[in-house]
Participant: 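Structure provided below as structure tokens; questions to follow.
The sequence lines fix the lettering, A, B, ..., with proteins before strands; numbering per chain opens at 1.
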2 protein chains.
Amino acid sequence: MRNEVDPAAAIAPQIYRLLRQAIVTLEYLPGQRLSEQEIGARFGVSRQPVREAFIKLSEAGLVRILPQRGTFVVRISMRDVANARFVREAVEVAVATTACAVAPPEALDRLGELIALQKEAAASDDQRLFLRYDEAFHRTLAEAVECASAWPFIEDVKAQMDRVRYLSLPAASPMSLLIDQHAEIVRAIACRDAQRAGDAMRLHLREILNSLPRLARAHPELFEDDEMPAHAREAASATFGRDAAPA
Amino acid sequence: MRNEVDPAAAIAPQIYRLLRQAIVTLEYLPGQRLSEQEIGARFGVSRQPVREAFIKLSEAGLVRILPQRGTFVVRISMRDVANARFVREAVEVAVATTACAVAPPEALDRLGELIALQKEAAASDDQRLFLRYDEAFHRTLAEAVECASAWPFIEDVKAQMDRVRYLSLPAASPMSLLIDQHAEIVRAIACRDAQRAGDAMRLHLREILNSLPRLARAHPELFEDDEMPAHAREAASATFGRDAAPA
DNA sequence: ATAACCATACTACCATACCAGTTAAGCGAG
DNA sequence: CTCGCTTAACTGGTATGGTAGTATGGTTAT
């Protein structure tokens, strides 16, 4: 987060980006207090744009603003992560199935390129780059069905999941598995097989359900003391069997 | 919009609510300029909370902020409405199908009550109340699958559709049709028939595709000069036949 | 008459000042 | 020593001031 802000551009969105990145990468840990004053001083800006960034972070569910008390990074809530995942699955499965009907061939080519780039990133073990291409893949797919204006919406929802994703990076991340899943999605769309494309996307986006309980047990200090809602348990057992995610 | 703000509570969210309502009900027309100064003076508050409300409105896609120029109510974009509808259909169909697996019986009772209230509103021809209960129905359903924390997202997406909905109110609004569709959704969930519940919700949320092109032709001054994306044309023809929404 | 220019009156954005409410430490009474 | 009150040092929310950039209308030069 050493990046400086560009005073020529709008400052508030830059602060938001930087803080979001810092929270998602666990540079700022749950429970940590974020001071408007301190953040503003660090970047050489006033409290006002920092405050606007805080508001956006709170809408994304990454911080909690307590008036006259402080702004704090929230603990990871399995409930919130599961709900965000639910929404994302709903939207992206719809994107995948719709892509079978309307996606132009050029879009499939671009998706193929992104998978190739992702393989390179995996080969050189560059996890940050890997995640960047992962995000680009999903965004490109959304654009392919002319849902570009819906992407910011997905991006907001993704914030909850990204922190978990980053937390799972140091572990043996099955990057090749995710790449295979991306490839399967593209193949299904190329075949114009809506059912298969939707199923592939659904399976892909349910991976996190497998690792989430294990991560929560491994890092209890980072997690809220709550449980996954019924729909998440339902989805997990339907996808990975009744005894999903053992320790 | 004569409601005064409560100075004891946070002002910015109140301003947002009031302005959003004014835009959705077409009290503020597309193209109209919103002045921080003027809005602030009208409600007896300073420019700062008004500015924060503007930012949220711009994120909801209801206004466009042009730095150093002004903030303007955007014209209704068929593309944006269709994309918002796409996202909402995806999420709420998933909610409906999931409800079949996890919704408790009490939730179904509450949904039934809301339908009864909606019938009363329709009988007394109170369209504002009708829309209130309509929103309550969908929110309650989301809560029934423990997706309460996902509702704010749906609410943001809904803003685009609400303006169209309000525009269609003066016309012969088939309130009874919408009530029947709600009832069918509840019946399907009560039967734990996920396929049927999803289909019912899908049909319900696609009604707007039928009226949108007609409204755009009837009120060209309110609409952006754009077209529905491919996924919306696909959905309309799949649901209402190839010649959907004639003049 | 027309086109270029400049002064003016806006705008949004950022910085600063002020306010009310919360917290916590320190002091004094029991 | 312990408990309770006071008070000072925070917080976020709001109000206000300053700055740079944009539209506009009148003026001047062509």
Participant: Please write out the pairs of protein N or O atoms and N or O atoms of nucleotides 22-26 of chain C separated by less than 3.5 Å, giving the distance to one decimal.
Facilitator:
from, atom 1, to, atom 2, distance (Å)
C:dT23, OP1, A:Arg69, NH1, 3.4

Participant: Sequence neighbours excluded, which residues qualify as salt bridge (charged side-chain N to carboxylate O under 4.0 Å, His left out) partners of A:Glu59?
Facilitator: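 B:Lys56.
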Participant: Is the shortest side-chain N/O distance from A:Ser35 to OP1 or OP2 of D:dT11 below 4.0 Å?
Facilitator: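 So the side chain of A:Ser35 is within the cut-off, an N or O lying under 4.0 Å from OP1 or OP2 of D:dT11.
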Participant: My understanding is that only residues two or more places apart in sequence, or in another chain, count here; which of them pass side chain to side chain donor-acceptor pair (under 3.5 Å) with A:Glu227?
Facilitator: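 With sequence neighbours excluded, A:Glu227 shows a side chain to side chain donor-acceptor pair (under 3.5 Å) to no residue whatsoever.
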Participant: Sequence neighbours excluded, which residues qualify as ring pair (Phe, Tyr, Trp, His ring centres under 6.0 Å) partners of B:Phe137?
Facilitator: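 So B:Phe137 forms a ring pair (Phe, Tyr, Trp, His ring centres under 6.0 Å) with B:His182.
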Participant: Would you tabulate the side-chain donor-acceptor contacts of residues 140-148 of chain B under 3.5 Å, counting partners in other chains and residues two or more places apart, or write 'none'?
Facilitator:
from, atom 1, to, atom 2, distance (Å)
B:Thr140, OG1, B:Ala136, O, 2.7
B:Glu146, OE2, A:Ala230, N, 3.3

Participant: Rounded to the nearest angstrom, tell me the gap between atom CD1 in A:Ile65 and atom C1' in D:dT14.
Facilitator: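 So the two atoms are 14 Å apart, to the nearest Å.
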Participant: Check nucleotides 5-9 of chain C against the protein and report each pair of N or O atoms closer than 3.5 Å, with its distance, or say if there are none.
Facilitator:
none

Participant: Flag yes if more than 12 heavy atoms outside B:Gln32 fall under 6.0 Å of its CD atom; otherwise flag no.
Facilitator: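 Enclosed: over 12 neighbouring heavy atoms sit under 6.0 Å from CD of B:Gln32.
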Participant: So, using side-chain contact (heavy atoms from CB on, under 4.5 Å) as the criterion, who are the partners of A:Asp6 when residues are at least two apart?
Facilitator: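 Counting only residues at least two positions away or on another chain, A:Asp6 forms a side-chain contact (heavy atoms from CB on, under 4.5 Å) with A:Ala8, A:Ala9, A:Gln14.
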Participant: How close or far is atom C1' of C:dC19 from atom CD1 of B:Ile11, stated in whole angstroms?
Facilitator: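 Atom CD1 in B:Ile11 sits about 12 Å away from atom C1' in C:dC19.
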Participant: From the set C:dC14, D:dT11, C:dT11, return the single nucleotide nearest to any side-chain atom of A:Arg33.
Facilitator: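 The listed nucleotide nearest to A:Arg33's side chain is D:dT11.
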Participant: Report the residues that fulfil side-chain contact (heavy atoms from CB on, under 4.5 Å) with A:Arg75, sequence neighbours left out, ordered by chain and then residue number.
Facilitator: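 By the side-chain contact (heavy atoms from CB on, under 4.5 Å) rule, A:Arg75 matches A:Pro30, A:Glu224.
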Participant: What's the OH-C1' distance between B:Tyr16 and D:dT14, to the nearest Å?
Facilitator: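 So the two atoms are 21 Å apart, to the nearest Å.
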Participant: Ignoring backbone atoms, establish whether A:Thr71 has a side-chain N or O less than 4.0 Å from OP1 or OP2 of D:dG12.
Facilitator: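 So the side-chain polar atoms of A:Thr71 do come within 4.0 Å of the phosphate oxygens OP1 or OP2 of D:dG12, strictly under.
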Participant: Near DNA chain D, counting only heavy atoms under 4.0 Å, which residues of residues 46-62 of chain B show up?
Facilitator: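 Hits under 4.0 Å, by residue number: B:Ser46, B:Arg47, B:Gln48, B:Pro49.
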Participant: Roughly how many Å is it from CD in A:Glu36 to P in D:dA9, rounded to a whole number?
Facilitator: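 It works out to 20 Å between those atoms.
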Participant: In whole angstrom, what separates A:Gln37's CD from C:dT16's P?
Facilitator: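 Atom CD in A:Gln37 sits about 11 Å away from atom P in C:dT16.
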Participant: Could you tell me which residues satisfy salt bridge (charged side-chain N to carboxylate O under 4.0 Å, His left out) with A:Glu38, sequence neighbours excluded, listed by chain and number?
Facilitator: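 Salt bridge (charged side-chain N to carboxylate O under 4.0 Å, His left out) check on A:Glu38 returns A:Arg42.
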Participant: Mind checking B:Leu34 for me? I need base, sugar-phosphate or nothing, with any heavy atom below 4.0 Å counting as a touch.
Facilitator: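 Sugar-phosphate contact only.
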Participant: Between A:Ala9 and B:Gly70, which has a closest nucleotide on DNA chain C that is more 5'?
Facilitator: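 Comparing both residues, the 5'-ward one is B:Gly70.
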Participant: Quickly work out the B:Leu66 CG to C:dC10 C1' distance and round it to whole Å.
Facilitator: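 Taking CG of B:Leu66 and C1' of C:dC10, I get 14 Å after rounding.
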Participant: Applying salt bridge (charged side-chain N to carboxylate O under 4.0 Å, His left out), can you list everything that pairs with A:Glu36, at least two apart in sequence or on another chain?
Facilitator: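 With neighbours one apart ignored, the set is A:Arg47.
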Participant: Identify, with sequence neighbours excluded, every residue that meets side chain to side chain donor-acceptor pair (under 3.5 Å) alongside B:Arg69.
Facilitator: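 Side chain to side chain donor-acceptor pair (under 3.5 Å) check on B:Arg69 returns nothing, list empty.
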Participant: Heavy-atom count around B:Arg132 CZ within 6.0 Å, excluding the residue itself: above 12?
Facilitator: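 Not buried by this count: 12 neighbours or fewer within 6.0 Å.
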